[in-house]
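Everything numeric here is computed off the predicted structure, so don't read it as measured data. In this chain, numbering begins with 1 at the start of the sequence shown. The figures here come from the full heavy-atom set of this structure, side chains too, leaving out hydrogens, waters and symmetry mates.
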Amino acid sequence: MGGGGAGTGEISMRMAADAGAQLVEMGHSERREQFGETDETVARKARAAVDHGLTPLICVGEPGAVRAAGDAERFVTTQVRAALSRLHPDEISQTLIAYEPVWAIGLAGTPATPEQVAPVMGRITEEAHLLGAGAGCRAVLYGGGVDAANAATLLRETPADGLFVGRAAWSVDGLLRLLAIGRRYVEAVPAVSSHTV
């Protein structure tokens, strides 16, 4: 929800900020599918987050049918353009975007390869630079079937600034393994020390 008002079962940006949140996720495929969130809804949430001093983390990603039709880049670019449409360039530069191909997430997902991910992430970065007056967004993250087996490859072979991990980080051991992979990646490639996991 936006700034406030009644919203049983939801949380407002004001409530999130009051609770000490600094970052708020929006546009996740489950919200889009199960709650009917649209690109316009995501744009309004991004605006509300910034208005309440929160950093928007905007999820974008194409369903399997769009990928199969060869239309992933256009589909995701449209999502990015819409999500950032209510933000000023300086606000876009503080925004995070997580690319999560819908077909790659969850238990039934098929982990994506770097070859599938890299072109779409490149388009996300280009679009954010255009809309952000050259500054781009704070980071473009990759999520979707990320685990300890593929994290290093995804960091090394895609333009990801970091990873947006779900299930693989639910346990302490899983999280620690992923953090160790991220640390090794940053230490091996000093020029990308801004990368995060």
Worked check of side-chain hydrogen bond (donor to acceptor under 3.5 Å, both in side chains) between Glu62 and Tyr99
CA-CA 9 Å; Glu62 80 283 1; Tyr99 171 51; 2.9 Å; yes
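Annotation: side chain of Met13 is not in contact with side chain of Asp51 (no heavy-atom distance under 4.5 Å). Within the 4.5 Å cutoff, no side-chain heavy atoms of Leu23 are placed close to those of Leu54. Looking only at side-chain heavy atoms (C-beta outward), Val80 and Leu84 come within less than 4.5 Å of each other. Side chains of Arg67 and Phe75 form no contact here, defined as non-hydrogen atoms less than 4.5 Å apart. Contact annotation: the side chain of Leu87 approaches that of Val50 to within less than 4.5 Å [non-hydrogen atoms, C-beta and beyond]. Considering only heavy atoms from C-beta on, Arg167 stays 4.5 Å or farther from Ile105 through its side chain. Between Val60 and Glu100, every side-chain heavy-atom pair lies at or beyond the 4.5 Å cut-off.
The backbone N or O of Val140 sits less than 3.5 Å from a side-chain atom of Asp161, completing a donor-acceptor pair. Looking at Glu91, its side chain does come within 3.5 Å of a backbone N or O of His88 through a donor-acceptor pair. One N or O on the side chain of Ser93 and one on the backbone of Asp90 form a donor-acceptor pair closer than 3.5 Å. Distance alone, capped at 3.5 Å, places no donor-acceptor pair between the Arg123 side chain and the Glu73 backbone. Judged by distance alone, the side chain of Asn150 and the main-chain N or O of Pro111 form no donor-acceptor pair under 3.5 Å.
A salt bridge is absent between Glu25 and Lys45; no separation between the charged side-chain nitrogens and carboxylate oxygens falls under 4.0 Å. Ion pairing of Glu37 with Arg31 is present here, as a side-chain N (NZ or NE/NH1/NH2) and a carboxylate O approach within less than 4.0 Å. A salt bridge links Asp39 and Arg32; the closest N-O separation between the charged side-chain nitrogens and carboxylate oxygens is under 4.0 Å.
No more than 12 heavy atoms of other residues, nucleotides or ligands sit less than 6.0 Å from atom CD of Gln22.
To the nearest 0.5 Å, atoms OH (Tyr142) and CG (Leu154) are separated by 6.0 Å.
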